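Here is the structure we will look at.
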There are 2 protein chains.
Amino acid sequence: MNVGEVAALAGVTVRTLHHYDRIGLLTPSGRTAAGYRQYAPADLDRLHLVLLYRELGFPLEEVATLLDDPSADPAEHLRRQHRLLRDRLERTTAMVAAVEKEMEARSMGISLTPEERFEVFGDWLPEEYAAEAEEKWGGTDAWAQSQQRTRAMTKDDWLRVKAETDDVEARFAEALRSGVGADSAQAMDLAEEHRQQISRNFYDCGYEMHAGLGRMYVEDERFTAYYERIAPGLAQFVSAAIQANATRHGS
Amino acid sequence: MNVGEVAALAGVTVRTLHHYDRIGLLTPSGRTAAGYRQYAPADLDRLHLVLLYRELGFPLEEVATLLDDPSADPAEHLRRQHRLLRDRLERTTAMVAAVEKEMEARSMGISLTPEERFEVFGDWLPEEYAAEAEEKWGGTDAWAQSQQRTRAMTKDDWLRVKAETDDVEARFAEALRSGVGADSAQAMDLAEEHRQQISRNFYDCGYEMHAGLGRMYVEDERFTAYYERIAPGLAQFVSAAIQANATRHGS
DNA sequence: CTTGACCCTGACGCGACGTGAGGCCGCAGG
DNA sequence: CCTGCGGCCTCACGTCGCGTCAGGGTCAAG
């Protein structure tokens with residue numbers, strides 16, 4: 001098959017295929033004497049995967065690394081795409097619910113708080129993150145462990161975990177409001193609880209790794225945003241408390 | 001509220017807010033003496049709408065026109081967003097189903113045809129299109145009519161329409177395969193049937209408007225892709241048949 | 001042997017920001 | 001009082017995923 005046919009079949013432009021060829025994401029397996037690109041069935045398979053990952057928000061470069069990973073067979077890709085699509089489904093459902101909630105509220109003359117309204121944008125444990133998390137930490141033991149455990153979670157498990165998390169976060173916020181320092185025993189104890197919670201629910205999180213996480217809370221804007229939405233200054237506070245706790249344990 | 005706080009609340013970067021300010025999409029309603037951006041609650045409302053439309057794939061410029069349209073009250077936006085989100089939900093569900101189908105097939109050692117695999121990318125009556133269609137034709141009578149009628153459709157209605165459409169398309173494909181010309185009576189009759197189908201189900205489609213549609217089938221790559229997926233050469237064929245039919249009626 | 005559809009390779013443009021650079025607030029601590 | 005230090009400001013250039021010509025070869029049908 002030549003470019004035009006493939007483009008029509010897959011619903012993309014010819015230019016897109018040229019682009020994928022040039023960046024090495026999808027090189028047609030053959031060329032005619034005149035230089036025409038010739039796509040084999042295997043190329044179509046690959047294109048299919050590419051388009052799905054693209055749709056899910058992966059940058060093309062990462063799609064390439066995913067597809068060129070020799071340790072990932074086709075079934076692996078299907079499973080991953082299935083997971084990501086279901087995440088997306090969940091997120092979209094949540095957004096629909098949020099809009100319906102707002103419509104309801106409007107029709108009753110009530111108005112929601114800003115926090116309520118942006119809720120769905122803040123609760124980004126969603127696909128966008130799933131994609132990136134995998135790039136950053138995919139392949140690490142922690143990641144594998146986390147994947148394994150979360151896959152085994154039922155909806156109830158998940159709600160329990162969420163409740164636990166919310167609880168610690170709320171108590172962090174309270175500590176912050178009450179004015180105690182991030183290096184106070186109270187704050188450090190909360191940090192320790194946070195660490196153990198992660199270890200229990202996701203992956204073995206040692207002090208060093210926990211400290212790394214803490215740093216991320218202030219360096220990655222989205223994590224910062226997550227904590228700032230709970231209370232202004234909370235990202236810094238939690239991060240500092242985690243460092244203090246790690247230091248306390250290390251010394 | 002200043003930029004940082006708003007950014008944290010909404011889960012976007014400060015730079016994004018700067019950008020929205022510069023392009024006039026979201027201008028903070030005030031500035032301090034020092035030039036600091038000051039966001040009022042109304043600005044947050046607007047930001048919320050912006051982010052939802054953005055998430056739904058609208059280009060920012062179009063978001064601006066949507067939001068600045070004085071004839072669109074907040075409830076209107078909510079309804080539209082609700083609609084678009086539900087479209088997205090449907091599409092994602094279809095994609096999940098497609099992946100599951102492929103997993104099933106793999107596990108049974110069967111392999112799908114390329115057409116089957118790209119199906120979900122071809123059946124783009126989805127959000128992506130909804131967004132664009134509204135930009136191109138929003139405000140025209142045809143669009144309004146179509147909106148009104150499709151809103152009133154039940155799921156069964158929709159399936160019936162889809163079946164009708166598939167039928168005519170299949171007969172077009174058959175005509176093409178049988179080798180009759182696009183200007184044959186057979187082809188023109190099919191074109192006429194196509195026109196009446198649109199008139200019945202969507203909006204009054206006169207010969208001139210139909211000819212315009214036909215042109216689009218070959219000029220817009222995605223329409224072309226849609227027909228090419230049914231049979232190679234079908235986009236041209238249908239388009240030509242429509243022109244011929246319009247000419248026949250006009251002369 | 002022409003014609004028209006399809007293919008090629010540059011190369012520039014664009015949308016939606018990311019990412020510094022260089023410099024001005026503003027307020028807590030010495 | 002001034003000195004940090006985080007937050008804010010405005011350029012301004014960089015990036016990603018293509019869109020869109022420009023200039024030219026290719027191929028099947030008539």
Side-chain angles (χ1 to χ4, degrees), chain A residues 1-8 10-26 28 30-39 50-51 53-64 128 131-132 179 181 218-222 224 228 232-233 235-237 239-240, chain B residues 1-8 10-26 28 30-39 50-51 53-64 128 131-132 135 179 181-182 218-222 224 228 232-233 235-237 239-240:
Chain A
M1 289 178 84
N2 53 21
V3 272
E5 292 167 337
V6 174
V12 300
T13 68
V14 169
R15 177 66 176 94
T16 300
L17 294 177
H18 284 176
H19 186 57
Y20 292 172
D21 187 2
R22 183 164 303 178
I23 65 174
L25 174 56
L26 178 63
R31 292 266 190 155
T32 70
Y36 284 27
R37 271 162 263 252
Q38 287 295 112
Y39 291 85
V50 166
L51 292 182
Y53 279 126
R54 182 187 72 168
E55 172 98 19
L56 287 166
F58 285 80
L60 297 183
E61 197 180 330
E62 197 180 337
V63 173
E128 188 186 352
E132 181 173 348
V218 296
E219 283 166 6
D220 188 317
E221 289 210 58
R222 290 153 319 170
T224 309
E228 292 300 298
Q236 294 273 351
F237 186 76
S239 178
Chain B
M1 290 180 83
N2 54 21
V3 270
E5 292 167 338
V6 175
V12 299
T13 68
V14 169
R15 177 66 174 93
T16 300
L17 294 177
H18 284 177
H19 187 56
Y20 292 172
D21 187 2
R22 184 162 301 181
I23 66 173
L25 175 56
L26 179 63
R31 291 266 190 153
T32 70
Y36 284 26
R37 272 162 262 252
Q38 287 296 112
Y39 291 84
V50 167
L51 292 182
Y53 279 127
R54 181 186 73 168
E55 171 98 18
L56 287 167
F58 285 80
L60 296 184
E61 197 180 331
E62 196 180 338
V63 173
E128 189 188 350
E132 181 172 350
E135 176 186 23
V218 296
E219 282 165 7
D220 187 317
E221 290 211 56
R222 290 154 318 170
T224 309
E228 292 300 298
Q236 294 274 349
F237 186 76
S239 178

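Each chain gets a letter, A, B and so on, in the order its sequence line appears, and its residues count up from 1. None of these values were measured; they are calculated from a predicted model.
Of all nucleotides listed (C:dC17, C:dC7, D:dC18), C:dC17 comes nearest to the side chain of B:L60. Candidate nucleotides C:dA16, C:dC8, D:dC27 were compared by shortest atom distance to the side chain of A:A34, and D:dC27 ranks first. In this structure, the nucleotide among D:dC11, C:dC7, D:dC9 sitting nearest to the side chain of A:N2 is C:dC7. Here the nucleotide nearest the side chain of A:R15, chosen from C:dC12, C:dA16, C:dT9, is C:dC12. Side-chain proximity of A:R37 to the nucleotides C:dT9, C:dG18, D:dG17 is greatest for C:dT9. Here the nucleotide nearest the side chain of B:T13, chosen from C:dG18, C:dC17, D:dT10, is C:dG18.
Mapping B:H19 and B:Q236 onto DNA chain C by nearest heavy atom places B:Q236 closer to the 5' end of the strand. Nearest-nucleotide positions on DNA chain D for A:T16 and B:G4 put B:G4 closer to the 5' end. Annotation: of the two residues near DNA chain C, A:R22 and B:A33, the 5′-most nearest-nucleotide partner is A:R22. Two residues, A:Y36 and A:E61, neighbour DNA chain D, and the one matched to the more 5' nucleotide by heavy-atom proximity is A:E61.
Rounded to whole angstrom, the span from the CD atom of A:Q38 across to the C1' atom of D:dT26 amounts to 13 Å. B:I23 has its CD1 atom 10 Å from the C1' atom of C:dC17, to the nearest Å. As rounded to whole Å, 21 Å separates atom P of D:dC16 from atom OH of A:Y53. Look at CG on A:L25: it is 14 Å from P on D:dC16, rounded to the nearest Å. Across the protein-nucleic acid pair, A:L17 atom CG and C:dC7 atom P stand 10 Å apart, rounded to whole Å. With rounding to whole Å, B:D21 atom CG is found 14 Å from D:dC8 atom P. Spacing between atom CZ of B:F58 and atom P of C:dG15 amounts to 17 Å, rounded to whole angstrom units.
Separation of atoms CG (A:L25) and CG (A:L17) is listed at 10.0 Å; rounding is to 0.5 Å. With rounding to the nearest 0.5 angstrom, the CG atom of B:L51 is 9.0 Å from the CG atom of B:L26.
For B:Y20 and B:R54, the side-chain atoms include at least one donor-acceptor pair closer than 3.5 Å.
The backbone N or O of B:P59 lies less than 3.5 Å from no partner atom in the side chain of B:E62, so there is not a single donor-acceptor pair.
A close approach under 4.0 Å does not occur between any side-chain nitrogen or oxygen of A:H18 and OP1 or OP2 of D:dC18.
Under a 4.0 Å N-O distance rule, the pair A:R31/A:D21 qualifies as a salt bridge.
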